[in-house]
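Report on the following structure.
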Amino acid sequence: MGGDEIKYVKDAFATNWIAPVGPLISEFEQKLSTISNNSYVLALNSGTAAIHLALILLGVKRNDVVICPSFTFSATVNPIKYLGAIPVFIDSEMQTWNMCPELLEDAIKENIKKNKKPKAIIIAHIYGMPAKLDEIIDISNKYDIPVIEDNAEGLGSTYKMQPLGTLGSLGIYSFNGNKIITTSGGGALVSRNKYFIDKGRKLSTQAREEKPYYEHLEIGYNYRLSNICAGIGLGQLRVLEQRIHKKREINQFYKKELDIFQFMNECDNSFSNFWLSTMLIDPSTTIDCESLRLHLLSDNIETRPLWKPMHLQPVFKDCKAYINGVSEDLFNRGLCLPSDTNMNQEDMNRVVEKIKEIYEI
Ligand SMILES: *Cc1c(COP(=O)(O)O)cnc(C)c1O
């Protein structure tokens, strides 16, 4: 926590707004809107819920095709399945590790030929790194297919000075406990289109009609953020800038000290929050990722493999995928290094020393 969260939480208790309604929710949305280029914002109880609503708002229904990245967390994809729609996976490109624009266009063309024009494209900005947005948005415009930005990991990252999450038709944030800022659990839906956010608000609160009694014309969801959690979020927003600065400092330190590894690189015009610092081992090295992970763990330093691609997940084995081998290679050669903003210089030195030990450098 940053320090101010408890003040907001006490305020929620003092005013007795212990519900998924209350003034702190509006204040949190207002502040999120400000850092989202004044887009409309709807605070929700998870990023997954935000993706689910985004798909509903774009009219995704049973048996519709939705394009999504393979190299991501499963929460990007699960809501497609909640709707009975069909995920089609796209592999990554090597620079940003995000969706490969060429494969995206191949997939769209092939699906249009089969009379299955995709209803939506979900992209993700993995580890906070902006995807190749110019290329992807061009393709989205060319074929008139809306983009949902899964920006669960990239709050504060920008592309051509625009905050991620605001470049597609809809964007989402996550405030889960592991993200750059947290509300313990939470998320948000973001759009420049007011209709989407108004409609999303109604769907997220059980789709109640504006009547004195309970009237329902459609199926709703219980997806609104709690006023207490919004209070935590307000405190966390105060330290967002500071955290991005620290995350980038951690990343630069690893890059400087560990030139034996390959790291993610920002494209021209893109700025990453470096939510997690990640690396790839050289393919020619005799020490594989798992040995490196265990070596660090023996000194109580936790690292984790990169996302296991969705097209390699047993649960999605029957889904169509457009593959170039990049995400599988990333999975085989990569680790997330300790990236917590509470690390001090001594902690960072300890990680680097332990890595240098196994490579005898
Ligand atoms: C965390 C995460 C989500 C899900 O967010 P929750 O708030 O945990 O539901 C979705 N996509 C990606 C890429 C994530 O990292």
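Below, all heavy atoms of this structure are taken into account, side chains as well, without hydrogens, waters or symmetry copies. Counting convention: from 1, in listed order, for ligands and their atoms alike.
Ion pair Lys31/Glu27 flagged as a salt bridge, since at least one NZ, NE, NH1 or NH2 atom sits closer than 4.0 Å to an Asp/Glu carboxylate oxygen. Classification of Glu357 and Lys354 as a salt-bridged pair holds, one side-chain N sitting under 4.0 Å from a carboxylate O. Salt bridge absent: Glu110 and Lys116 never bring a charged side-chain N and a carboxylate O closer than 4.0 Å. A salt bridge does not link Arg201 to Glu210: none of the charged nitrogens lies less than 4.0 Å from a carboxylate oxygen. The existence of a salt bridge linking Lys61 and Asp64 is excluded, since no basic side-chain nitrogen approaches an acidic carboxylate oxygen closer than 4.0 Å. Residues Glu290 and Arg293 are paired through a salt bridge, judged by an N-O separation under 4.0 Å between the basic side chain and the carboxylate.
Of all the heavy atoms of Ala124, none lies under 4.0 Å from any atom of ligand 1, so neither backbone nor side chain is involved. When non-hydrogen atoms are compared, ligand 1 lies under 4.0 Å from the side chain of Thr72 (C-beta onward) but not from its backbone.
The shortest N or O to N or O distance between Asp150 and ligand 1 is under 3.5 Å.
The closest heavy-atom contact to atom 13 (C) of ligand 1, among the options His52, Lys179, Glu153, comes from Glu153. Of the listed options Asn176, Leu44, Thr48, Ile51, Thr48 places a heavy atom closest to atom 9 (O) of ligand 1.
Close approach to Thr76 involves these atoms of ligand 1, each under 4.0 Å from a residue heavy atom: 11 (N), 13 (C). Every atom of ligand 1 with a heavy atom of Ala75 under 4.0 Å away is listed here by number and element: 3 (C), 4 (C), 10 (C). Residue Ser46 has at least one heavy-atom neighbour below 4.0 Å for each of these atoms of ligand 1: 7 (O), 9 (O). The contact set between ligand 1 and Gly47, taken as ligand atoms under 4.0 Å from a residue heavy atom, comprises 5 (O), 6 (P), 7 (O), 9 (O).
If you check which protein heavy atom lies closest to atom 5 (O) of ligand 1, you get Ser174 OG, 3.2 Å. Shortest contact from atom 14 (C) of ligand 1 to any protein heavy atom: Ala152 CB, 3.4 Å.
At least one heavy atom of Gly186 sits under 4.0 Å from some atom of ligand 1.
Aromatic pair Phe28/Phe175: centroids less than 6.0 angstrom apart.
No more than 12 heavy atoms of other residues, nucleotides or ligands sit less than 6.0 Å from atom CD1 of Ile219.
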